[in-house]
There are 2 protein chains.
Amino acid sequence: MNIGAAAKASGLPVKTVRYYDEIDLVSPNRNGNGYRAYSADDVHKLRFLQRARRLGFTIVECRHLLSLYEDKSRASAEVRALAVTRIAEIDARIEELQSLRDSLTTLVSTCRGDDRPDCPILDDLAGGGACHEGARDS
Amino acid sequence: MNIGAAAKASGLPVKTVRYYDEIDLVSPNRNGNGYRAYSADDVHKLRFLQRARRLGFTIVECRHLLSLYEDKSRASAEVRALAVTRIAEIDARIEELQSLRDSLTTLVSTCRGDDRPDCPILDDLAGGGACHEGARDS
DNA sequence: ATAAAGGGTCCGGCTACTGGAAGGTCAAGC
DNA sequence: GCTTGACCTTCCAGTAGCCGGACCCTTTAT
């Protein structure tokens, strides 16, 4: 199976599949002409990677998951731990974004948004609003 | 004011301040010895950037905000529009993360997470779980 | 005089790819 | 046999926003 077909079967772009070979994530054999020859197992791994990436796992985590997947005797606890960690990271990121959103929303609500030049958003960015910190050097 | 002091006053790392010079975001004059000489206005801009970046504006947006800030006659509507766009982006990102979180949570809840090898998380990644999509090529 | 602290440039690396150029290979059609 | 076009190869550069480090110079304090 050439790279084009493998890409199609796994739902990944050709460039990405080639990249995964380059970083030794899925490295197929080569044909006589130098073409990558993807086995059914390779394609299976690519599909695995596509799903894991879509779930937000990093490449490093994917590598880990893949090795866990290959290791038929590993404990499911290890995989679960990885997933739980991911969830915690996602939660943290969501909270961070919520906080950003709140700040921006507050700013926007104070800005008339008309054609006049005074804008509380810029004022806040410039001065930091309530907290006016020092730096009184000239 | 040398770069170190400017960095401290703006709350940015020295490397970042130098980078902002490199990309012509805040480019101070130079002293006779080649050192960057930050004016009060430069530092003001750096602080502006620090806040805007913390709010998640990209460098391109920051450049835009900065030029709006410098332009005393611009309409506040333009700034407001930028902020509103940012909020929409944040909302989209939050939703995306929520959906990821949901998927992972579902997977984790089905996994015992003990020392036995069978793991629904990996099974799902491998096979796609409920939705078994085609790719019936051998 | 010397040593530490702080400046300067330049290069490489990080994530996870993506786009493009230059060239080899293969199957089909004429 | 020859051409065309799709497909494959490698390599290089770029994306965002810096960070770390090498190597060298200047300033300041002792």
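So you know, we letter chains A, B, ... as the sequences are listed, proteins then strands, and number each from 1.
Non-hydrogen atoms lying under 4.0 Å from DNA chain C are contributed by A/T58, A/I59, all within residues 57-64 of chain A. Taken residue by residue, residues 20-30 of chain B places heavy atoms nearer than 4.0 Å to DNA chain C at B/R30.
Scanning all heavy atoms of the two residues, the minimum distance from B/A52 to B/L65 falls at CB-CD1, 4.3 Å. Between B/I23 and B/I59, the shortest heavy-atom distance links the atoms CD1-CG2, 3.8 Å.
More than 12 heavy atoms of other residues, nucleotides or ligands shown are found within 6.0 angstrom of CG on A/N31. With a 6.0 Å radius and a threshold of 12 heavy atoms from other residues, nucleotides or ligands, B/E89 has its CD atom above the threshold.
Taking the side chain to side chain donor-acceptor pair (under 3.5 Å) definition, one finds that B/E78 meets it with B/H64, sequence neighbours left out. For B/R53, there are no side chain to side chain donor-acceptor pair (under 3.5 Å) partners, not counting sequence neighbours. For the side chain to side chain donor-acceptor pair (under 3.5 Å) test, residues two or more places apart in sequence or in another chain that qualify with B/E96 are B/R93. Taking the side chain to side chain donor-acceptor pair (under 3.5 Å) definition, one finds that A/R101 meets it with B/D91, sequence neighbours left out.
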Exercise. Run the numbers on A/R86 and B/L100 for side chain to side chain contact (heavy atoms under 4.5 Å, CB included), then give the verdict.
Key: CA-CA 10 Å; A/R86 268 293 298 151; B/L100 282 185; 4.2 Å; yes

Exercise. Mind running side chain to side chain contact (heavy atoms under 4.5 Å, CB included) on A/F48 and A/V43 for me, showing each step along the way?
Key: CA-CA 8 Å; A/F48 182 104; A/V43 172; over 6 Å; no

Practice problem: Could you walk me through whether A/V79 and A/L82 pass side chain to side chain contact (heavy atoms under 4.5 Å, CB included), step by step? | Solution: CA-CA 5 Å; A/V79 180; A/L82 257 183; 5.5 Å; no

Exercise. Assess whether side chain to side chain contact (heavy atoms under 4.5 Å, CB included) is satisfied between A/L107 and B/L55, documenting all intermediate values.
Key: CA-CA 11 Å; A/L107 285 180; B/L55 283 179; 4.0 Å; yes

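Atom CD of A/Q50 and atom C1' of C/dC17 are 15 Å apart (whole Å). Rounded to an integer number of Å, the gap from CG of B/N31 to P of C/dG7 is 11 Å. Atom CZ in A/R36 sits about 17 Å away from atom C1' in C/dC26, given to the nearest Å. Atom-to-atom, OH of B/Y19 to P of C/dC11 comes out at 17 Å; the value is rounded to the nearest Å.
In this structure, A/L104 and B/V84 have side chains that are not in contact, with every pair of non-hydrogen atoms separated by 4.5 Å or more. Annotation: side chain of B/H44 is in contact with side chain of B/Y69 (closest heavy-atom distance under 4.5 Å). For the pair B/Q50/B/L46, no side-chain contact is recorded, criterion being any heavy-atom separation below 4.5 Å from C-beta on.
For residues 32-42 of chain A, every residue pair satisfying the side chain to side chain donor-acceptor pair (under 3.5 Å) rule, not counting sequence neighbours, is listed here: A/D21-A/R36, A/S39-A/D42.
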Can you give me the N/O atom pairs linking the protein to nucleotides 20-22 of chain C at distances under 3.5 Å, or say none if there are none?
from, atom 1, to, atom 2, distance (Å)
C/dG20, O6, A/K15, NZ, 2.3

So which protein N/O to nucleotides 23-25 of chain C N/O distances come out below 3.5 Å?
from, atom 1, to, atom 2, distance (Å)
C/dG24, N2, A/Y35, OH, 3.0
C/dT25, O4', A/Y35, OH, 3.3

Can you list, pair by pair, the side-chain donor-acceptor contacts under 3.5 Å of residues 7-19 of chain B, counting residues two or more places apart and other chains?
from, atom 1, to, atom 2, distance (Å)
B/S10, OG, B/A6, O, 2.9
B/S10, OG, B/A7, O, 3.1

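A donor-acceptor contact shorter than 3.5 Å links the side chain of B/E61 to the backbone of B/T58.
Bounding nucleotides for the chain B contact on DNA chain D, 5' to 3', at a heavy-atom distance below 4.0 Å, are D/dG17 to D/dT27.
Relative to the axis of its first five pairs, the axis of the last five pairs of the helix from C/dA1-D/dT30 to C/dC30-D/dG1 sits at 30°, rounded to 10 degrees.
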